[in-house]
Chemist: 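Here it is, the structure, as structure tokens.
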Amino acid sequence: MPMLDSFLVDHVKMPSPGVRVAKKMKTPKGDTITVYDLRFAKPNVEIIDEKAMHTLEHLFAGYMRDNLPNYEIIDISPMGCRTGFYMSVIGEPEDKEIVEAFRKSMQNILKTNEIPEANIYQCGSCYMHSLEGAKKVAKHILNNEIVIMNNESLALNPKNIPNDCNVDVSKIKFLGK
């Protein structure tokens, strides 16, 4: 199985919150699609509570589209590790545009009073939400500088990695809990 790009990034060095260009690709017609790593939590140190993550998924996608109006966002998807989201955009926004949209989206979440589409018709797990948790995560982001991550400084050689997970899970901080 081929090594995915996201596994060639040193998660130990990865800062949070942060923005990283994860990948750029061209469509057959020549359009650029830029995929961003929008990191909310420090890998293996912090994790977003599952209810807060689900609520962020509902809110963040809409607010990012509002706050990045000059680009077509294809998709915003939560990472399985619950430390952030991937965002695919048609075009090549400047990093500072992404950081500003990220920050504004967190401000929007703090002002939100209800979770959109959190009903049995539009959501497959409508009972699994926490607006309070999502707001805690938003405050966490806003209380820290959103940094631009450098792929070269995060480059990882997979040949130098032991094949085990040496993380003391009792020390993981749950964001949004």
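Computed from a predicted model, the values in this text were never measured in an experiment.
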Chemist: So, Ser88 and Tyr36: side-chain donor and acceptor under 3.5 Å apart, yes or no?
Modeler: no

Chemist: For Ile120, what are the other residues in its hydrophobic cluster, where any two members join if their side-chain heavy atoms are less than 4.5 angstrom apart?
Modeler: Tyr121

Chemist: Does anything in residues 102-118 form a salt bridge (charged side-chain N to carboxylate O under 4.0 Å, His left out)? List the pairs, not counting sequence neighbours.
Modeler: Glu100-Arg103

Chemist: Residues in ring pair (Phe, Tyr, Trp, His ring centres under 6.0 Å) with His129, at least two apart?
Modeler: His54, His58

Chemist: Side chains of Asp66 and Asn108 only: does a donor on one sit below 3.5 Å from an acceptor on the other?
Modeler: no

Chemist: So does Gly84 get a backbone contact from the side chain of Arg39, meaning a donor-acceptor N/O pair under 3.5 Å?
Modeler: no

Chemist: Please identify each residue that fulfils side-chain contact (heavy atoms from CB on, under 4.5 Å) with Val147, with sequence neighbours left out.
Modeler: Pro15, Glu145

Chemist: Pairing donors with acceptors under 3.5 angstrom, does anything connect the side chains of Tyr71 and Glu97?
Modeler: yes

Chemist: With no hydrogens and no angle check, just 3.5 Å: does a side-chain donor-acceptor pair link Thr32 and Lys26?
Modeler: yes

Chemist: Look at the aromatic rings of Phe60 and Phe85 and report parallel, tilted or perpendicular, splitting at 30° and 60°.
Modeler: tilted

Chemist: Under 3.5 Å, side-chain donor or acceptor atoms of residues 72-79 against the rest of the protein: list the pairs with distances, not counting sequence neighbours.
Modeler:
residue	atom	partner	partner atom	Å
Asp75	OD2	Ser77	OG	2.3

Chemist: So, using salt bridge (charged side-chain N to carboxylate O under 4.0 Å, His left out) as the criterion, who are the partners of Lys136 when residues are at least two apart?
Modeler: Glu132

